[in-house]
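Computed from a prediction, not measured in an experiment: that's the story for all the values here. Residue numbers start at 1 and run along the sequence shown.
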Amino acid sequence: MYRYLLSRTGQPVDAEELTSRTFLNALSSLDTYRGGGANFGSWLMSIAHNLLANWYRAKGRRPSTATLDDAAEVPAEDRKSTRLNSSHV
């Protein structure tokens, strides 16, 4: 399951989070598992797939953010204009 989620998200931390949520959801819904036509592994994978779909939907709604390292870097032009503006003060 983790490998499936990792192949879809590309990020170990996201795959770990989704794997964890899959098992938590399964545990909380264990009383609803009927075991009819699908085996337990298939049921878990359907939970993982649904969580992944929700994750993609939520990810699409959030604006992308830069990493702290990228956000801390100031382009050379901005540094030059900042120095010019502060020298006029």
Side-chain angles (χ1 to χ4, degrees):
M1 179 176 320
Y2 170 77
R3 282 187 273 168
Y4 164 73
L5 293 168
L6 180 60
S7 72
R8 299 295 190 255
T9 63
Q11 298 293 322
V13 70
D14 293 329
E16 290 167 3
E17 176 64 26
L18 289 169
T19 301
S20 175
R21 279 201 232 158
T22 298
F23 284 104
L24 288 173
N25 284 6
L27 185 61
S28 67
S29 302
L30 199 53
D31 59 333
T32 65
Y33 175 68
R34 302 280 182 243
N39 66 25
F40 191 72
S42 298
W43 183 63
L44 285 175
M45 287 303 287
S46 68
I47 294 171
H49 176 77
N50 291 335
L51 285 171
L52 182 65
N54 292 342
W55 179 80
Y56 273 117
R57 278 189 215 107
K59 186 177 178 186
R61 291 185 190 135
R62 288 186 298 231
S64 62
T65 57
T67 64
L68 288 177
D69 292 334
D70 293 340
E73 292 178 14
V74 178
E77 303 94 42
D78 289 349
R79 275 188 262 146
K80 185 184 274 187
S81 66
T82 303
R83 275 187 255 143
L84 291 175
N85 289 339
S86 62
S87 66
H88 290 97
V89 176

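The side-chain contact (heavy atoms from CB on, under 4.5 Å) search around Leu30 returns Phe40, Trp43, not counting sequence neighbours. Shown here are the side-chain contact (heavy atoms from CB on, under 4.5 Å) partners of Met1, two or more places apart in sequence or in another chain: Leu5, Thr22, Phe23, Leu44, Met45, Ala48. The salt bridge (Lys or Arg N to Asp or Glu O under 4.0 Å) search around Glu17 returns Arg21, not counting sequence neighbours. Considering only residues two or more places apart in sequence or on other chains, Asn25 meets the side-chain contact (heavy atoms from CB on, under 4.5 Å) condition with Ile47, Leu51. With sequence neighbours excluded, no residue satisfies side-chain contact (heavy atoms from CB on, under 4.5 Å) with Asn50.
Looking at Thr19, its side chain does come within 3.5 Å of a backbone N or O of Ala15 through a donor-acceptor pair.
Its side chain outside the 4.5 Å cluster rule for every partner, Leu27 clusters with none of the Ile, Leu, Val, Met, Phe, Trp and Tyr residues. In the hydrophobic clustering, Tyr2 connects to Leu6, either directly or through intervening members, whenever side-chain heavy atoms lie under 4.5 Å apart.
Across all non-hydrogen atoms, the minimal contact from Tyr4 to Leu52 is OH-CD2, 3.8 Å.
Here the straight-line distance linking atom CG of Asp14 with atom CH2 of Trp55 works out to 4.5 Å at 0.5 Å rounding.
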